[in-house]
Amino acid sequence: MTRKQRYQYVIEYFKKNAPDAETELIYDNPYQLLVAVILSAQCTDKRVNLTTPAIFEKFPDVASLSQTDFEELFPFIRSISYPNNKTKHLIGMAKMVMDDFKGEIPMTVEELIKLPGVGRKTANVITSVVDQQPNMAVDTHVYRVSKRIGLVPQTASTPLAVEKELIKNIPTELVHRAHHWLILHGRYICVARNPRCEVCGLRKICQYFHKLNGGIPFD
DNA sequence: ATCCCGAGGG
DNA sequence: CCCTCTGGAT
């Protein structure tokens, strides 16, 4: 099976069997989305949603967030992974937006990754969701699933390499939906440990499944 | 007990 | 490339 055929198969599958999201990050504007995504590392959306309302009430915009300090913000972040780092990142991010970007959250990947706490994955989320740019955020789910089902060569060993490969092969108009599909498939079916291959409609073309089963297809 | 929905730093 | 940060989910 060629790579192109593989993509066609996977896209057709997801078009017919789009996974449903149980929880999504809750936000009203780009500022809130940026804060939520920074907080989401190694943490469920559900838990992030539990903490953000209080943060958004106390700090309704970048300007107010830029004026707080560690002691004031930390309690809001306390129950999320890496609270020390994330508290510093949020304040640093807000200060830089005020000082270097005139209080407006920048909307290019190159500018966004200059912000503390914002790496390539976060920058791709912001630009694609807020500005509909055809960017692919490669988090651990997208990375794992893409490699398992063979959308990218096994030699693609970094998130950036996987991102380039996916962007090269997925039609621009489908990038946003494909991102969603891969995330949710990874979150609910193709989980890191003990993937639920028995309920996965992609196992027929899945290299990882075949490897787990000694190269013998399930059906 | 062990793993996990990134980023920064050495 | 490796390590660290960390609480919560399971």
Side-chain angles (χ1 to χ4, degrees), chain A residues 14 18-27 32-52 54-55 65 70-71 73-97 100 105-106 108-130 135-149 151-152 154-164 166 175-196 208:
Chain A
F14 281 126
D20 282 324
E22 291 175 15
T23 56
E24 295 278 344
L25 292 178
I26 297 171
Y27 62 94
Q32 292 189 359
L33 177 62
L34 181 53
V35 170
V37 175
I38 289 174
L39 291 178
S40 71
Q42 297 291 322
C43 188
T44 61
D45 289 353
K46 198 174 171 183
R47 175 136 295 276
V48 172
N49 289 337
L50 241 36
T51 72
T52 45
I55 298 175
L65 187 62
F70 186 92
E71 285 68 27
L73 182 58
F74 183 80
F76 292 87
I77 322 284
R78 186 76 185 86
S79 65
I80 293 195
S81 296
Y82 315 137
N84 276 294
N85 288 344
K86 287 172 179 176
T87 300
K88 291 176 201 161
H89 288 161
L90 285 182
I91 296 172
M93 175 277 287
K95 285 187 188 303
M96 188 180 285
V97 169
D100 297 354
I105 293 170
T108 67
V109 170
E110 289 67 29
E111 291 173 313
L112 279 165
I113 58 179
K114 293 177 183 171
L115 301 174
V118 180
R120 191 168 180 89
K121 179 257 172 179
T122 301
N124 279 326
V125 170
I126 302 300
T127 54
S128 63
V129 173
V130 174
N135 297 336
M136 176 68 72
V138 177
D139 65 6
T140 180
H141 292 314
V142 175
Y143 184 84
R144 180 179 65 251
V145 172
S146 298
K147 293 192 74 159
R148 281 185 177 169
I149 65 180
L151 292 182
V152 304
Q154 294 306 310
T155 53
S157 57
T158 67
L160 181 59
V162 169
E163 176 189 327
K164 300 280 188 199
L166 292 175
V175 166
H176 198 238
R177 281 205 290 165
H179 174 251
H180 216 63
W181 292 334
L182 294 172
I183 292 260
L184 297 179
H185 188 68
R187 193 187 292 175
Y188 301 126
I189 306 289
C190 194
V191 294
R193 284 174 305 161
N194 306 319
R196 307 173 58 203
Y208 184 79

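Letters A, B, ... are given to chains in the order of the sequence lines, protein chains preceding strands, and every chain is numbered from 1.
Using a 4.0 Å heavy-atom cutoff across all strands shown, V118(A) reaches sugar-phosphate atoms only and no base atom. Here D139(A) lies in heavy-atom contact (under 4.0 Å) with sugar-phosphate atoms only. Looking at heavy-atom distances under 4.0 Å, I113(A) makes no contact with the nucleic acid at all.
Checking the phosphate oxygens (OP1, OP2) of dG8(C), no side-chain nitrogen or oxygen of S81(A) falls inside 4.0 Å. Distances shown here put a side-chain N or O of N84(A) below 4.0 Å from the OP1 or OP2 atom of dT6(C). Phosphate contact (OP1/OP2 of dA9(C), side-chain N/O of R47(A), threshold under 4.0 Å): present. Listed pair R78(A) / dG7(C) meets the phosphate criterion, a side-chain N or O lying under 4.0 Å from OP1 or OP2. OP1 and OP2 of dG6(B) both lie 4.0 Å or more from every side-chain N or O belonging to T122(A).
Rounded to the nearest 0.5 angstrom, R78(A) CZ and K86(A) NZ are separated by 13.0 Å. Of the inter-residue distances, the one linking H185(A) atom NE2 with R196(A) atom CZ reads 10.5 Å to the nearest 0.5 angstrom.
Between I126(A) atom CD1 and dG6(B) atom C1' the separation is 14 Å, expressed in whole Å.
Between the side-chain ring of Y82(A) and the base of dA7(B), no stacking contact exists by the 5.5 Å and 30° definition.
Residues I77(A) and T51(A) form no side-chain contact, since every pair of their non-hydrogen atoms from C-beta on lies 4.5 Å or further apart.
Taking the nucleotide of DNA chain B with the nearest heavy atom to each of H89(A) and R187(A), the more 5' of the two is matched to R187(A).
Out of dG6(B), dC4(B), dG8(C), the shortest distance to the side chain of S79(A) is found at dG8(C). Among the nucleotides dC4(B), dG7(C), dT6(C), the one closest to any side-chain atom of R193(A) is dC4(B).
Among all heavy-atom pairs drawn from P116(A) and I38(A), the shortest one is O-CD1, 4.4 Å.
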